[in-house]
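Indexing begins at 1, ligand by ligand and atom by atom, following the structure's order.
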Amino acid sequence: MGSTAENSAKLRAKLATLDADELEQLVRKHNALYWDEHAPEIDDPTFDKLVEALRKARPTSQVLEQLGEQKAAASPFGDVVHERPMLSLDKCYDDDALLKWATAIKGGFFMTPKIDGVACSVRYDAKGALAQAATRGDGKVGDDITANVRGIADVPKKLTGVRAALEVRGEVYLRRSRFDAVYKGDKANPRNLAAGALKTKDPKESAAYGLSFFAYDLLDGDAPGGGPKTEADKMVRLGKLGFPVLPFRHFDDKAALAEGFRAMVEECKQLDTETDGVVVKADSVAEQDRLGITAHHPRGAIAYKFQGESAQSTVRDIEWGVARSGALTPVAIIEPIFISGVTVTRVSLHNAGYAKKLGIGPGATVEVVRRGGVIPHVERVLTKPDRSLSQPKKWPVVGGFTGVHLDGDFLFLDEPERSREVVVGRVKHFADVIDAKGFGDKVLTQLFDAGMVRWPADLYRLDVNALAALERMGEKSAQNLVAVIEGKRKLTLPVLLEALGLERVGATAADKLASTFHTLPAVRTASVEQLADIDGIGPEIADAVVRGLKESRALVDALLEEVTIVAPELPSDTSHPLFGKSVVFTGALAHMDRKSAQQRVQAVGGKTPSGVSAELDYLVIGDEGSPLLGGGERSSKHKSADKLVAKGAKLAIITETDFLKMLG
Ligand code: IVH
């Protein structure tokens, strides 16, 4: 058996030559490998192609009726009959197919990541106690896995504020970070491991896997008012009941779906779970009911799946780059391949140690994966390289070369501060974090070459005349740059800490350090033990902070001569009419763009959820062409809000002018 990528490529190549009997046999085999054995040998898109070919060759094939998990006759688990069948989703792989599906839908759309885990139904009784949990099974009858689901911390054992029995459906999965830390190297992927863990006979053993859960559906027809009427409202309610819910977006119109999909793909990357696509639904439950279901799936929802996640290619060359840490990173330049919707030509090999372990070099055939649409990664070398990897022994810097040395898996420059790439990278990071606009790679490279900037503190010493004398700069740009940096002489502690670019200290760690120690001297004198004690920091980051602050001592001192550390601006005016209120915008705003409007609300302590729900305080209808001012059609958000108001929700529908008055 080859790798999933190899098997998939082989199968695709011979697909057209297969007859209906062969197709039936293969579909049956790969369905069982995925669902029953949790050990797929081909990737999802190839399986879908196989099914498609069978559907064409023998549309009435019984095998097509038996897709999905088949209940084993001798299952050690009891049966659970689903009150409503657990269907699967229809799939598409490109914008055209998505938009074709969307044509039949009336009203707005709801979009959320599709988690590559295991479907699970959890029932609660009228008192809110977890009563029963089941797998999807064949869609009608699943396995009783109540004892194992009780071991999942994310699944509440008791709900409050429940007046009738309800069912929550969602996806059980293994966090990517947990998989990487504990199970990597295991043949299974996170999904297959989660499926196996859920079917473990001993609940203690099952709990030890540390599974997680995301809720995506709520069957709560007996709730007062018949339960949430939109997918977005379901999410809000599920969140309030204590379930982890997925990020979601609402779209008034299908025209925004393709762009929305791409934005959601970005959000998928932030999740600590594998995703294999994006789920798009009619937001309104009534619209879903109107559209009904086919034998296999609801018409009101679709999975826009990522393209094949792995492919083979040949390495043309290995290039080395230098990161702002001063580490040299090898990059494989490969024959272009198309994975998960993008063409990949360069793949980072992370560090010298990883590249060496892989045994990569020019001429090698490699398997490249882009799991969940994330950054491509060379999983393994399939055939040996023509030439082995050569590591740089020196690196060009200002005025000559610097040596390199190995530290663990990493190859570092001996004198990183002499390297243009390193300095520009560090100063650019500083400028980005303090939000100094105009200091991009080009300008900073120019400043470096002119000897004007060697570290971030130099930004505060730039001189208009010297700047204006640079090529392609001009008086006006020079004045602008100096004005921007002058406006950044007051920095909050978390911003300064993040801007220093210490290894492992991003925005989250910087926030934690600042909110624990309050002052820079306190952070600078904290011990590894004190730092490691902070929730979410841990010994490795603690060690990096102490080491990083020691190495950056001179820079921090130089910066303190230029900037003052100020307290973060909290919306202190709790009496502001929008403080603690939630505001959603719809329609074209005449006075500002939507993003600025949302930022203004947040700045005065308000919230800006993405959709209209009964909990919303204000729906602002843009003045431009506003139906409130006698203009055009009501948007679907506007209509949802009208309905909520009719039902007595506290929500107020206001004009942009009203909003601006409230904002002051
Ligand atoms: S909605 C008709 N939302 O994908 C089922 N499903 O083939 C509608 N899945 O069995 C489910 N993430 O297990 C929905 N955000 C999400 C999901 C999701 C993963 C799974 C689910 C379902 C399968 C669809």
Side-chain angles (χ1 to χ4, degrees), residues 31 34-35 38 40 44-45 47-48 51 67-70 82-93 101 109-122 133-143 145 149 154-155 167-176 190-192 194-195 198 211-219 228 230-232 234-235 238-239 243-250 260-261 264-265 267-268 270-285 287-289 291-306 372-373:
N31 187 71
Y34 181 90
W35 287 104
H38 315 306
D44 285 7
F47 181 72
D48 293 343
V51 173
L67 295 181
E69 189 179 6
Q70 298 306 304
H82 295 301
E83 269 170 33
R84 293 225 330 240
M86 285 184 84
L87 302 169
S88 62
L89 288 168
D90 201 3
K91 302 168 192 161
C92 66
Y93 285 95
W101 163 81
F109 296 87
F110 167 90
M111 195 183 273
T112 190
K114 182 171 184 309
I115 305 303
D116 193 11
V118 186
C120 179
S121 137
V122 193
T135 61
R136 176 173 178 270
D138 62 8
K140 297 183 192 93
V141 183
D143 282 331
I145 47 162
V149 169
D154 281 346
V155 178
E167 181 180 340
V168 173
R169 289 180 178 178
E171 202 80 352
V172 172
Y173 68 97
L174 190 69
R175 287 194 312 278
R176 202 191 335 233
R191 185 215 166 258
N192 298 324
L198 262 190
L211 295 172
S212 303
F213 182 78
F214 265 128
Y216 58 64
D217 202 4
L218 172 64
L219 282 62
T230 67
E231 291 298 319
K234 281 185 196 173
M235 291 290 163
L238 282 166
F243 290 92
V245 287
L246 291 160
F248 63 89
R249 285 165 185 247
H250 173 98
F261 167 73
M264 191 109 261
V265 171
E267 275 186 68
C268 287
Q270 310 300 322
L271 296 173
D272 192 8
T273 166
E274 302 284 317
T275 49
D276 58 349
V278 162
V279 176
V280 190
K281 296 179 176 178
D283 193 25
S284 148
V285 174
E287 176 63 2
Q288 291 173 9
D289 292 346
L291 291 158
I293 58 175
T294 70
H296 311 284
H297 51 251
R299 289 198 190 86
I302 196 164
Y304 189 162
K305 294 197 65 176
F306 299 140

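- Near P298, meaning under 4.0 Å from any of its heavy atoms, are these atoms of ligand 1: 2 (C).
- Heavy atoms of A303 stay at 4.0 angstrom or farther from ligand 1.
- From the protein, the heavy atom lying nearest to atom 5 (C) of ligand 1 is L87 O, 3.5 Å.
- Checked by atom type and distance alone, the side chain of R136 pairs as donor or acceptor with a backbone atom of M86 at under 3.5 Å.
- For atom 15 (N) of ligand 1, the closest non-hydrogen atom on the protein side is P113 O, 2.9 Å.
- Residue V118 places no N or O, backbone or side chain, under 3.5 Å from any N or O of ligand 1.
- Scanning the protein heavy atoms around atom 7 (O) of ligand 1, the nearest turns out to be L89 N, 3.0 Å.
- Polar contact with ligand 1: present for K114 (N/O pair, distance under 3.5 Å).
- Remark: minimum distance from atom 13 (O) of ligand 1 to any protein heavy atom is reached at E171 OE1, 2.5 Å.
- Using a 4.5 Å cut-off on side-chain heavy atoms (C-beta onward), F110 and M235 make contact.
- Near T112, with a cut-off below 4.0 Å to any heavy atom, the atoms of ligand 1 are 15 (N).
- Heavy atoms of R169 stay at 4.0 angstrom or farther from ligand 1.
- Distances from ligand 1 to the non-hydrogen atoms of V279 include at least one value under 4.0 Å.
- Summary of contacts: the protein heavy atom closest to atom 22 (C) of ligand 1 is Y216 OH, 3.9 Å.
- Contacts between D116 and ligand 1, counted as non-hydrogen atom pairs separated by less than 4.0 Å, are absent for every part of the residue.
- The distance from ligand 1 to the heavy atoms of L246 drops below 4.0 Å at these ligand atoms: 15 (N).
- W101 places a side-chain N or O within donor-acceptor distance of the main-chain N or O of R299, the cut-off being under 3.5 Å.
- A donor-acceptor pair is defined here as one N or O able to donate and one able to accept, closer than 3.5 Å; no such pair exists between the side chain of Q288 and the backbone of G300.
- Under the 3.5 Å distance criterion, the side-chain polar atoms of D283 are matched with a main-chain donor or acceptor of A232.
- By the 4.0 Å N-to-carboxylate-O rule, E167 lies too far from R84 to be salt-bridged with it.
- Residue D44 forms a salt bridge (Lys or Arg N to Asp or Glu O under 4.0 Å) with just one option from R191, K305, K114, and that option is K305.
- Without hydrogens or angle criteria, D143 side chain to I145 main chain gives no donor-acceptor distance under 3.5 Å.
- Listed by number with element, the atoms of ligand 1 under 4.0 Å from a non-hydrogen atom of K281 are 1 (S).
- The nearest heavy-atom contact from the protein to atom 19 (C) of ligand 1 is I115 O, 3.2 Å.
- Atom CG of residue L211 and atom CG of residue L174 lie 6.0 Å apart, to the nearest 0.5 angstrom.
- A 4.5 Å side-chain heavy-atom check between V285 and K234 finds at least one atom pair inside the cut-off.
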